[in-house]
Amino acid sequence: MSTLQGNDFEDGNVLGGPFAEIFVHDLTAATGRCRFCGLDGPMAAVHVYARAPGVVVRCPGCQEVLMRLVSTPRGLELDASGLAHLSWKL
């Protein structure tokens, strides 16, 4: 498990911007479950680190990586392997 220092993250409400190109429904309105610790909660509450070449989304409970989004010359690449479940109530 990684240990992060300080509050250099933003809350999950910023996910609406970079992830809008991928998801039809607003990601901030979704509920996700961490594959590592099992925390189930709103994606608006995750920790988002956007001061990198891409966007890294971490669990607010255990700080493990839930998702990564990177723009490359080939296009957008999404890794959501840290999520056990992602759902929307429509």
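What you see below is based on every heavy atom in this structure, not just the backbone, and it leaves out hydrogens, waters and symmetry mates.
- If you take OG1 on T28 and CE on M43, they are separated by 9.5 Å, rounding to the nearest 0.5 Å.
- In this structure the side chain of L15 never reaches within 4.5 angstrom of the side chain of D26, judged on heavy atoms.
- Counting only heavy atoms from C-beta outward, the side chains of V48 and V55 approach each other to under 4.5 Å.
- L39 and G61 make their closest contact through CD2-N, 3.7 Å (heavy atoms, listed as atom of the first residue, atom of the second, distance).
- Residues C34 and L66 have side chains in contact (heavy-atom distance under 4.5 Å, counting atoms from C-beta outward).
- When the side chains of ILVMFWY residues are joined at heavy-atom separations under 4.5 Å, either directly or via intervening members, Y49 and V70 end up in two distinct hydrophobic clusters.
- Contact check for E64 versus R58: no side-chain heavy atoms found under the 4.5 Å cut-off.
- Residues meeting the salt bridge (charged side-chain N to carboxylate O under 4.0 Å, His left out) test with D11, sequence neighbours left out: none.
- Within the 4.5 Å cutoff, side-chain heavy atoms of S87 are placed close to those of H85.
- Considering all non-hydrogen atoms of both residues, R33 and D40 come closest at NH2-OD2, 3.5 Å.
- Taking the six-membered ring where the residue is Trp, W88 and H25 present tilted rings, their angle falling between 30° and 60°.
- In this structure, the side chain to side chain donor-acceptor pair (under 3.5 Å) partners of D79, at least two apart in sequence or on a different chain, are R68, S81.
- Between V57 and H47 the shortest side-chain heavy-atom distance does not fall below 4.5 Å.
- With contacts defined as side-chain heavy-atom distances shorter than 4.5 Å, the pair V46/E10 does not qualify.
- The CZ atom of F23 sits 5.5 Å away from atom CG of L86, with the distance rounded to the nearest 0.5 Å.
- Under the 4.5 Å side-chain criterion, counting only non-hydrogen atoms from C-beta, L78 is in contact with M67.
- Taking both residues in full, the closest heavy atoms of F36 and G82 are given as CE1-CA, 3.8 Å, listed atom of the first, atom of the second, then distance.
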